[in-house]
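Presented below is the structure to which this report refers.
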Amino acid sequence: MSKIEMKTPLVEMDGDEMTRIIWQIIKDELICPYVDLKTEYFDLGLKHRDETDDQVTIDSAGATKRLGVAVKCATITPNAQRVEEYHLHQMWKSPNGTIRSMLDGTIFRAPIVVKGIEPVVKCWRRPITIARHGYGDVYKNVEYRVPGAGKVELVYTGADGTEIRELVHEFDGPGIAQGVHNLDASISSFAHSCFRYALDTKQDLWFSTKDTISKKYDHRFKDIFAEIYEAEYAQAFEAAGIEYFYTLIDDAVARVMKARGGFIWAVKNYDGDVMSDMISSAFGSLAMMTSVLVSPTGVYEYEAAHGTVQRHYYKHLKGQETSTNSVATIFAWTGALRKRGELDDLPDLVAFAERLEKATVGTIEAGEMTGDLARITTLENPKVLNTEAFVDAIASRL
Ligand code: NAP
Ligand code: MG
């Protein structure tokens with residue numbers, strides 16, 4: 001059998017611990033036997049990041065800008081304990097943070113829905129994708145405790161020295177105050193990424209803020225989305241048969257609980273933090289959650305939403321058996337291969353990505369799964385497989 005050809009290489013970002021082990025197994029057993037895999041390889045394993053003073057992370061993001069599609073393995077974000085464990089020169093920044101700021105992207109997180117892993121919300125039939133704005137608001141706040149009586153004001157000083165002053169509150173005793181901000185440019189990038197992703201995946205786009213209460217701040221988000229939609233996307237949405245719809249955040253929450261799924265829900269930074277954990281746990285498992293970073297210029301980076309599964313890796317190092325779920329990492333690969341296939345007009349590559357996803361889902365639906373899913377499945381007598389045997393089962397189905 002001849003292998004499926006690729007044109008443009010994928011940017012391959014290798015990572016750490018248990019997910020690095022899984023990475024190699026997936027390539028060896030599920031991809032390389034069928035695809036003449038072309039990648040530009042970057043080793044983002046912590047040791048190599050340290051050896052290159054983190055230049056490898058910057059280079060991998062640069063290559064992603066150039067080539068357009070990347071697939072990333074989970075990586076360690078160093079803390080004090082990791083600095084000791086890996087004898088690091090520095091506590092390097094989160095690779096995801098570095099890549100995100102270079103690509104100026106929005107992260108879309110979607111659950112992989114399979115029969116037998118039932119969402120807590122019974123009417124959810126299809127995935128709900130959360131698009132979280134990644135800049136500003138309370139994540140870049142300035143705040144303090146107000147010590148006692150006095151006034152707190154918001155002061156803007158223009159480049160020419162003009163001042164705008166707003167009273168926040170006249171305190172007659174101690175309290176608290178905080179200043180937050182956002183940028184038109186960042187909100188616009190967020191909007192473009194959301195509209196583009198909705199068109200790519202042919203799903204409706206919902207956007208929600210609290211503009212009735214926050215009449216200038218949240219309202220600016222609503223206006224920017226509306227302006228960009230009308231000017232650049234309305235026709236394409238109509239042609240694709242999808243809808244853009246704005247509503248208040250509390251109304252959106254109520255609607256989501258009664259919806260069937262199959263749409264993208266775009267939210268501000270804090271709402272995204274809270275709602276993405278709600279959505280992912282209600283769908284079943286972090287190990288079944290995919291994540292894709294989409295830049296406003298149309299660059300894509302696919303990964304699993306979970307981390308390096310450190311606890312399993314330490315068991316693996318001791319020679320003990322592990323049952324680590326590789327589904328989200330497999331879907332990172334299929335997402336990237338499908339996108340590459342679409343961009344390069346390679347229908348065989350797109351079809352292969354679909355077959356691999358089907359084989360993965362089919363394996364679980366046939367009752368063969370890793371321990372994390374076996375604990376929550378509604379299927380009777382699931383067969384619990386170890387890390388390697390689960391991939392073997394997918395490979396034979398494929
Ligand atoms: P984690 O790797 O997501 O794992 C937390 C726990 O969730 C695991 O111990 C395991 O539970 C379960 N789990 C997660 N993924 C699983 C899978 N594929 N199969 C089966 N069980 C799974 O989070 P962490 O342990 O807090 O973080 C470990 C490292 O990952 C950290 O160094 C962190 O910096 C990094 N991290 C990286 C990313 C990224 O690159 N995108 C994201 C998050 C964290 P049990 O132990 O109960 O089986
Ligand atoms: Mg959070």
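The structure presented is a predicted model; accordingly, all values stated were derived computationally and were not measured. Numbering starts at 1 and runs along the sequence shown. Just so you know, ligand 1 is whichever comes first in the structure, and atom 1 is the first atom listed for that ligand.
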Next on the checklist: Closer than 4.0 Å to some heavy atom of Lys72 - which atoms of ligand 1 meet that?
Outcome noted: 40 (O)
Checklist entry - Parallel, tilted or perpendicular for Phe225 and Phe190, by the 30°/60° rule? => result perpendicular
Next on the checklist: Please list the nearest protein heavy atom to atom 44 (C) of ligand 1 with its residue and the distance rounded to 0.1 Å.
Outcome noted: Gly307 CA, 3.4 Å
Checklist outcome for this item: For atom 48 (O) of ligand 1, the closest protein heavy atom turns out to be His312 NE2, 2.8 Å
Checklist entry - Starting from atom 14 (C) of ligand 1, which protein heavy atom do you reach first, and at what distance in Å? => result His306 CB, 4.0 Å
Checklist entry - Please state which protein non-hydrogen atom is closest to atom 17 (C) of ligand 1 and give its distance, to 0.1 Å? => result Ala287 CB, 3.6 Å
Checklist entry - Under a heavy-atom criterion of less than 4.0 Å, does Arg82 contact ligand 1? => result yes
Checklist entry - For atom 29 (C) of ligand 1, what is the nearest protein heavy atom, given as residue, atom name and distance? => result Thr308 OG1, 3.0 Å
Next on the checklist: Side chains of Asp372 and Thr370: any donor to acceptor distance under 3.5 Å?
Outcome noted: yes
Next on the checklist: Could you check whether Tyr217 and Asp211, counting side-chain N and O atoms only, form a donor-acceptor pair closer than 3.5 Å?
Outcome noted: no
Checklist outcome for this item: among protein heavy atoms, the one nearest atom 2 (O) of ligand 1 is Val309 N, 2.7 Å
Item to check | Test item: Thr201 side-chain N/O and Tyr197 main-chain N/O as donor-acceptor pair under 3.5 Å | outcome: yes
Checklist entry - Hey, is Asp43 close enough to Arg20 for a salt bridge, meaning N to O under 4.0 Å? => result yes
Next on the checklist: Among all the protein's non-hydrogen atoms, which is closest to atom 18 (N) of ligand 1, and how far away is it?
Outcome noted: Asn325 O, 2.8 Å
Item to check | CG-CZ distance between Asp200 and Phe108, expressed to the nearest 0.5 angstrom | outcome: 9.0 Å
Item to check | Proximity to ligand 1 by part of Asn96, non-hydrogen separation under 4.0 Å | outcome: side chain
Checklist entry - Looking at atom 47 (O) of ligand 1, what's its closest protein heavy atom, distance included? => result Arg311 NH2, 3.8 Å
Item to check | Short side-chain to backbone donor-acceptor contact, Lys38 and Met6, under 3.5 Å | outcome: yes
Item to check | Side chains of Thr334 and Glu357, donor plus acceptor under 3.5 Å | outcome: yes
Checklist entry - Is any heavy atom of the protein nearer than 4.0 Å to atom 34 (O) of ligand 1? => result yes
